[in-house]
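The figures that follow rest on heavy atoms only: side chains count, while hydrogens, waters and symmetry mates do not. This structure is a prediction, so every number in the text was calculated from the model and none was measured. Index from 1, following the sequence.
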Amino acid sequence: MLQPFESPKDAPGRTVPGRRSPGRRSPGMLEDVPLPRGAAGPWHSEAACRRDEAGLFFAPSKEPTAARLSREEAAKRVCARCPVMLQCREHALAQPEPYGVWGGLTAAERRVVPARRRRREAELATAVGRIAAAG
């Protein structure tokens, strides 16, 4: 099972991809995420980050900007080769996960996704309405 990240910056109960702690479980851990239809096991069991250093995905306290950007780019490279990147991203957006790189996006990048999706949906609805009115 995944273990909460132990950093003063992180909220209690947050999880870190790649860390396991047998017998330890708390609400909000990745095991609690419903499985997609037809899934044989938890999506995160296939995550590339489970084989990498968890510190790569979460910022230490008072990390300098250049070091943060370099660390985030390295984490994103791990995410880019991950077979469950999209499931991870959707998990982080649904929770929402306030810290770390999840699904190839930083916390700041994830904050803009919901608004961007709403705007796209509104534009699509408007376009469909115009087509229906013209048709």
Side-chain angles (χ1 to χ4, degrees):
M1 283 180 224
L2 298 177
Q3 165 182 18
F5 188 62
E6 296 171 11
S7 168
K9 187 175 179 182
D10 287 350
R14 291 292 172 202
T15 57
V16 175
R19 288 211 178 165
R20 297 179 61 85
S21 174
R24 189 167 178 192
R25 186 173 176 84
S26 66
M29 297 193 88
L30 293 179
E31 281 82 358
D32 296 332
V33 176
L35 297 176
R37 286 188 181 171
W43 62 265
H44 52 83
S45 65
E46 300 299 318
C49 60
R50 293 180 70 86
R51 296 178 292 278
D52 289 294
E53 177 61 40
L56 187 62
F57 298 89
F58 294 88
S61 297
K62 301 178 183 176
E63 182 179 33
T65 301
R68 177 182 54 81
L69 294 173
S70 175
R71 180 188 48 73
E72 288 174 347
E73 285 305 313
K76 288 178 178 186
R77 284 192 298 274
V78 172
C79 292
R81 70 174 195 265
C82 183
V84 294
M85 182 181 75
L86 294 178
Q87 292 94 325
C88 179
R89 181 178 296 175
E90 290 306 316
H91 161 80
L93 292 167
Q95 282 300 324
E97 292 289 350
Y99 303 106
V101 174
W102 288 78
L105 298 177
T106 65
E109 291 167 336
R110 288 192 306 274
R111 282 191 289 272
V112 301
V113 170
R116 195 174 288 160
R117 285 182 176 177
R118 284 190 301 271
R119 187 172 56 246
R120 251 190 244 136
E121 288 173 6
E123 290 170 355
L124 182 61
T126 301
V128 167
R130 286 181 189 156
I131 292 170

Inset, instruction - Determine the interplanar angle of the F58 and W102 rings, folded into 0 to 90°, and report it as parallel if under 30°, tilted if 30 to 60°, perpendicular if over 60°. - result: perpendicular
Legend entry - Minimum side-chain heavy-atom gap K76-T106 below 4.5 Å: yes
Inset, instruction - Linking directly or through intermediates, with side-chain heavy atoms under 4.5 Å: list the remaining ILVMFWY members grouped with V112, chain and number order. - result: none
Inset, instruction - Check A107 against P98 and note the closest heavy-atom contact, atom names and distance. - result: CB-O, 3.3 Å
Legend entry - Where R110 and L105 come nearest, the two heavy atoms and their spacing: NH1-O, 2.7 Å
Inset, instruction - Sorted by first residue and then second, give each side-chain hydrogen bond (donor to acceptor under 3.5 Å, both in side chains) pair with at least one member in residues 119-135; sequence neighbours left out. - result: none
Legend entry - Any residue meeting side-chain contact (heavy atoms from CB on, under 4.5 Å) with A94, in chain and number order, not counting sequence neighbours: none
Inset, instruction - Kindly write out the residues that satisfy side-chain hydrogen bond (donor to acceptor under 3.5 Å, both in side chains) with R117, not counting sequence neighbours, or none if the list is empty. - result: E90
Legend entry - Nearest heavy-atom neighbours spanning C79 and G104: SG-N, 3.3 Å
Inset, instruction - Could you grab the distance from atom NE2 of H91 to atom CD of E97, nearest 0.5 Å is fine? - result: 4.0 Å
Legend entry - L93 reachable from Y99 in the ILVMFWY side-chain graph, under 4.5 Å edges: no
Legend entry - Closest contact, heavy atoms only, V84 versus W43: CG1-O, 3.4 Å
Legend entry - Set of residues satisfying side-chain contact (heavy atoms from CB on, under 4.5 Å) with respect to L86, sequence neighbours excluded: R89
Inset, instruction - Mind checking side-chain contact (heavy atoms from CB on, under 4.5 Å) for E63 and listing every partner two or more places apart, or none if nothing turns up? - result: A59, P60, A67, R68, R71
Legend entry - Shortest non-hydrogen separation from C82 to A47 and the atoms involved: SG-CA, 3.7 Å
